[in-house]
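So the structure is just underneath, and the comments pick up after that.
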Amino acid sequence: MTETSNINNFVAKIVEEDIANGKVEKVITRFPPEPNGYLHVGHAKSICLNFGLAEQFNGECNLRFDDTNPEKESQEYINAIQEDVKWLGFQWAGDIRYSSDYFDTLYDYAVELIKAGKAYVCSLTAEEAEEYKGDFNREGKNSPYRERSVEENLDMFARMKAGEFKDGEHALRAKIDMTSGNMNLRDPIMYRIRHVHHHQTGDKWCIYPTYDFTHGQSDAIEHITHSVCTLEFEDHRPLYDWYIDNLPVPAKPTQYEFGRLNLNYTVTSKRKLKKLVDEQVVTGWDDPRMPTISGMRRRGFTPSSIRNFCDMIGVSRSDGVVDIAMLEHALRSDLNTNAPRAMAVINPLKVVITNLPDDHFEEIVAPAHPDLDLGERTLPFTKEILIDQADFKEEYSKKFKKKFCPGKRIRLRSGYVLQADDYIKNDAGEVVQVNASLVTTELGVDPEDGDKPKGVVHWVSASHGVEAELRLYSRLLTHEAPDRGDKDFMEYINPESLAVTTAIVEPGLAQAAPETVFQFEREGYYVADRRDHSVDKPVFNLTIGLREDKSLTQG
Ligand code: ATP
Ligand code: MG
């Protein structure tokens, strides 16, 4: 994978030109999540773009919570979002910002519009307003309240704020154009009455501005130079511009839209992800099967693998669906380079080395990584060791030339050469023990008789290996496009997306710091679980297989 730079994307080109022309001195962008759920992989694209632009052009990027729907928002989400952004490797400028910081200013702006005859209090019911609005084929009709006097509007709006009315009884609307082809301009709602507590402003307000009346002005207040957002807001841009043009805002941001990230086999909508959590399909927002940033983190994704993926997919003006194989490629390529190696035997078969004394104990020093200087680890080597059942065959054949077979040799990874002599079966006819002899007693040398083993197997000491729980994850959703069209993604849940098993692992792994990802030699990449892994009970999550393996990753 080549490291591409964000400079290649169209937004970066615009920024570069704006700086060259002197239109912009210092670039200020923002990432503006609504705290109504945890961030997902789609948000990572937006984070990398917004923070990336600021980094590239020596500017700043704000983190602003667009918190205009208090019923759906919470402090838990606010905390999780901050943690995710930091974990991805980005730092926002100054303090956290909230749209609710600007509620007073927004209220004053609304009053300005009323005074200018550009906003009015409408008392239609929600159903009536819907009917008056029309649709794509039918022009809207003016509300009978549209011509209320400025005085009456000011009075009504003040009383809305004072809590004199019930939820939904009145709304403040912008007076724009009920016949516009753009539905967003058909006298959009600016304020609605909601008698609810707000996580930041408490019970100060019982009217809340709509997202559309908040977003653009918040950008202006923060002097955002490039308001970057996803394509679905393209149709809202004329409305944002209308507010900006009609209000005494301190700056004029320009909005640029880019295509959302959609991934096959994945849902990227907080609402849908919340459903998976609420209905306990997964254990929580950070379940390793979730495409949330915290779920990916717990699965063993590294920040750089996610950032590299965002670089790989680029930024364009159109929506598309990215193959999840690209995300997996970015992950594998990062782990292949950086993950320390370790050994874990998932289906153990005992090998007794008959020419070693019963109490033989030796510590083999092995590198933690073949290429990087990641230090060393020690592997206890004893008379009884474990290898994987699949690495032993009762009868030799050419197909099994890399396997351990009676009369044949094998090299232990980072260890010695063994020869299989005979084996023992249980009543069920399964091989339960292989008796072998040590052929070499020096590391890294070939047998003197020239009969070199063809295969290398992973192993652990039977007496010193420790048991670990392995959580084997695969795709949560079995359909390539689980939520497109009229499909209900809940119908495509893979009932086998988690299998729990055990392995005997090299003893040092019990001490692994949570979140360390290892390449378990010949098995796959596994991460020490962030929450449950401990010295007493090692727990590893399958991050991803070594190679693209449909049976592993597809449901
Ligand atoms: P969701 O539908 O999951 O709730 P949202 O767009 O409502 O997503 P916000 O919290 O409003 O979520 O998003 C914050 C920022 O992240 C916005 O600028 C939004 O455009 C961007 N974003 C959200 N989803 C994606 C995505 N799939 N790809 C790229 N950017 C995204
Ligand atoms: Mg949203």
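Just so you know, ligand 1 is whichever comes first in the structure, and atom 1 is the first atom listed for that ligand.
- Within ligand 1, counting atoms from 1 as listed, the ones closer than 4.0 Å to a heavy atom of Thr230 are 19 (C), 20 (O), 29 (C), 30 (N), 31 (C).
- Ligand 1 has a nitrogen or oxygen under 3.5 angstrom from a nitrogen or oxygen of Leu261.
- For the side-chain hydrogen bond (donor to acceptor under 3.5 Å, both in side chains) with Thr302, the lone residue among Asp334, Thr543, Asn338 that qualifies is Asp334.
- For the atom pair NE2 (His223) and CD1 (Ile28), the distance works out to 7.5 Å, reported to the nearest 0.5 Å.
- Ligand-side atoms of ligand 1 in range of His43: 8 (O), 9 (P), 10 (O), 12 (O), 13 (O), 14 (C), 16 (O), 22 (N), 23 (C), range being under 4.0 angstrom from any heavy atom.
- Two residues are said to be in side-chain contact when any heavy atoms from C-beta on lie closer than 4.5 Å; Phe90 and Asn50 fail this criterion.
- Distances between N or O atoms of Tyr211 and those of ligand 1 include no value under 3.5 Å.
- Using a cutoff of 4.0 Å between basic side-chain nitrogens and carboxylate oxygens, Arg298 and Asp287 are not scored as salt-bridged.
- Taking distance alone, with nitrogen or oxygen atoms compared against 3.5 Å, Lys270 approaches ligand 1 more closely than that limit.
- Here's the thing with Asn36: none of its N/O atoms is less than 3.5 angstrom from an N/O atom of ligand 1.
- Using 4.0 Å as the threshold, Arg271 has no heavy atom nearer than that to any atom of ligand 1.
- The OG atom of Ser474 lies 8.0 Å from the CD atom of Glu496; values are rounded to the nearest 0.5 Å.
- Of all the listed residues (Arg64, Lys45, Arg260), Arg260 holds the heavy atom that lies closest to atom 24 (N) of ligand 1.
- Ring centroids of Phe309 and Phe301 are separated by 6.0 Å or more, keeping the two rings apart.
- The pair Arg194-Glu71 meets the salt-bridge criterion, since a charged nitrogen lies less than 4.0 angstrom from a carboxylate oxygen.
- Here's the thing with Phe31: none of its N/O atoms is less than 3.5 angstrom from an N/O atom of ligand 1.
- The ligand atoms of ligand 1 that sit less than 4.0 angstrom from a heavy atom of Ser269 are 3 (O).
- Across the listed options Gly42, Pro32, Cys229, Gly42 owns the non-hydrogen atom lying nearest to atom 26 (C) of ligand 1.
- Aromatic rings from Trp92 and Phe31 are positioned such that their centres are separated by 6.0 Å or more.
- Near Pro33, meaning under 4.0 Å from one of its heavy atoms, ligand 1 places the atoms 10 (O), 14 (C).
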